Amino acid sequence: MIAPGRAKRPGAVQPALDPPTPQELESCPFCAGHEHMTPPQTLVLPDTGDWAVRVVPNLYPALGRQEVVVHSRRHVRSVAELEGEELDLVAEAWQRRAEEEPGYVFPLLNEGREAGASLPHSHSQLAWLPEPPPVRGRARAEIVSEQGGLVAGCPWASRVPYETVIAPATPEPGGLRSRLLGPALRLLAGTVRGLHELEGPTPLNAWLEHDDRDWRIVLFPRLTVLAGLELGAGLFVNTLPPDEAAARLRKAGHA
């Protein structure tokens with residue numbers, strides 16, 4: 001449901017990322033030089049020289065197998081801050097771990113405490129699920145950007161402001177095998193940069209949906225609080241029309 005007036009209701013708040021603290025760098029287990037603060041790595045990239053992307057087991061897994069992909073040896077707090085080469089290595093890390101360990105791998109990204117992140121250093125997770133989750137089919141969307149065989153758009157069934165889907169222009173199976181995964185992560189980072197320009201540092205989730213027919217990356221900003229209608233009835237109240245969200249992202253010029 002699209003209800004712009006809900007954004008003006010009394011008590012409505014917009015979640016934001018916690019500001020950095022001086023202690024953050026000292027205690028961050030994902031920064032270069034702090035490798036002893038994590039379990040032994042399962043993969044580092046590139047294969048030679050200093051690592052740029054590092055994969056380690058999750059110390060507090062929700063599932064039987066869950067790994068953390070550290071996106072940079074630098075202390076960056078958002079995927080929006082990653083360089084193109086780092087994003088390509090993140091895509092390679094997702095793909096290589098999926099090849100090396102059998103099962104259905106669900107890559108996901110949480111930024112900000114409201115979105116479920118416990119550490120601010122940019123990272124994603126790989127969760128091995130017992131079975132594939134439901135994958136939504138393609139739906140009509142307001143186009144934000146088209147480049148390199150990829151399309152980013154705000155679906156007309158957007159559940160939250162600025163929800164964006166990034167997918168191949170022509171459906172293809174197996175996102176964890178696609179040569180377009182790295183470019184898709186670059187497009188995701190650009191979209192998040194645009195979102196930050198419009199709304200400031202924002203908690204968000206993103207994930208890769210994939211099956212044997214199609215794949216897409218979903219960006220789910222946490223600009224509103226999910227309440228009883230959303231959680232109980234599955235009725236999402238979006239305060240920003242998708243066509244306006246897409247127009248704002250296009251104007252931001254980063255997607």
Side-chain angles (χ1 to χ4, degrees), residues 2-8 12-21 24 71-72 74-91 108-117 119-124 141-148 150-167 180-208 216-226 236-255:
I2 308 300
R6 289 284 293 168
K8 300 176 182 178
V13 295
Q14 179 171 309
L17 294 180
D18 294 333
T21 65
E24 195 172 288
H71 293 167
S72 175
R74 302 177 295 119
H75 190 73
V76 294
R77 304 178 97 243
S78 172
V79 66
E81 301 174 61
L82 296 178
E83 298 174 354
E85 294 79 5
E86 292 171 321
L87 291 160
D88 291 341
L89 290 174
V90 171
L108 62 106
L109 167 69
N110 303 326
E111 288 189 4
R113 292 190 181 278
E114 290 84 355
L119 291 169
H121 191 126
S122 181
H123 64 283
S124 54
E142 283 289 327
I143 302 301
V144 176
S145 177
E146 296 182 80
Q147 57 188 56
L150 293 164
V151 178
C154 296
W156 274 97
S158 292
R159 295 162 289 184
V160 293
Y162 300 105
E163 180 175 4
T164 304
V165 173
I166 298 167
L180 292 175
L181 183 58
L185 288 180
R186 288 181 179 232
L187 189 51
L188 171 67
T191 304
V192 176
R193 283 193 292 273
L195 178 64
H196 284 191
E197 181 175 315
L198 293 165
E199 303 290 345
T202 301
L204 59 87
N205 303 102
W207 58 86
L208 174 68
R216 64 196 59 79
I217 292 176
V218 179
L219 169 63
F220 195 90
R222 303 299 287 269
L223 289 165
T224 56
V225 177
L226 303 184
F236 287 83
V237 182
N238 188 352
T239 58
L240 181 65
D243 54 342
E244 184 176 343
R248 290 184 186 181
L249 287 170
R250 286 194 300 269
K251 189 174 181 180
H254 293 290

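The basis for the numbers below is simple: all heavy atoms, side chains too, and nothing from hydrogens, waters or symmetry mates. Since this is a predicted model, take the numbers as computed values, not measurements.
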Does any part of the side chain of [Y], heavy atoms only, come nearer than 4.5 Å to the side chain of [X], both counted from C-beta?
| X | Y | answer |
| --- | --- | --- |
| Asp88 | Arg186 | yes |
| Val218 | Arg159 | yes |
| Leu249 | Leu198 | yes |
| Leu108 | Ser124 | no |
| Leu219 | Leu204 | yes |
| Val76 | His71 | no |
| Leu185 | Val79 | no |
| Leu195 | Leu223 | yes |

Looking only at heavy atoms, which two atoms of [X] and [Y] are closest? And how far apart?
| X | Y | answer |
| --- | --- | --- |
| Leu180 | Gly148 | CD2-O, 3.5 Å |
| Pro242 | Ile2 | CD-CD1, 3.8 Å |
| Gly112 | Pro203 | CA-CB, 4.3 Å |
| Ser158 | Cys154 | OG-C, 3.8 Å |
| Arg250 | Val144 | CG-O, 3.2 Å |
| Val160 | Pro221 | CG2-O, 3.4 Å |

>> Determine whether a donor-acceptor pair (N or O, by modelled atom type, separation under 3.5 Å) exists between the side chain of His121 and the backbone of Ser72.
In response: yes
> Do side-chain atoms of Glu86 reach the backbone of Glu83 as a donor and acceptor pair under 3.5 angstrom?
Replying inline: yes
> Does the pair Arg74 and Glu81 meet the rule for a salt bridge (charged side-chain N to carboxylate O under 4.0 Å, His left out), with working shown?
Replying inline: CA-CA 10 Å; Arg74 302 177 295 119; Glu81 301 174 61; 6.0 Å; no
> Which residues pass the side chain to side chain donor-acceptor pair (under 3.5 Å) test with Glu111, sequence neighbours left out?
Replying inline: Ser78
> With the threshold set at 4.0 Å, does a side-chain nitrogen-carboxylate oxygen contact exist between Arg193 and Glu197?
Replying inline: no
>> Would you call the rings of Phe220 and Trp207 parallel, tilted or perpendicular, taking 30° and 60° as the class edges?
In response: tilted
State the [atom1]-[atom2] distance between [X] and [Y], to the nearest 0.5 angstrom.
| X | Y | atom1 | atom2 | answer |
| --- | --- | --- | --- | --- |
| Thr191 | His196 | OG1 | NE2 | 11.0 Å |
| Leu188 | Ile217 | CG | CD1 | 5.5 Å |
| Asn205 | Glu163 | CG | CD | 10.5 Å |
| His123 | Leu109 | NE2 | CG | 8.0 Å |
| Glu114 | Leu226 | CD | CG | 11.5 Å |
| Ile166 | Leu181 | CD1 | CG | 10.5 Å |

>> Are more than 12 heavy atoms, taken from residues, nucleotides or ligands other than Arg113, located less than 6.0 Å from that residue's CZ atom?
In response: no
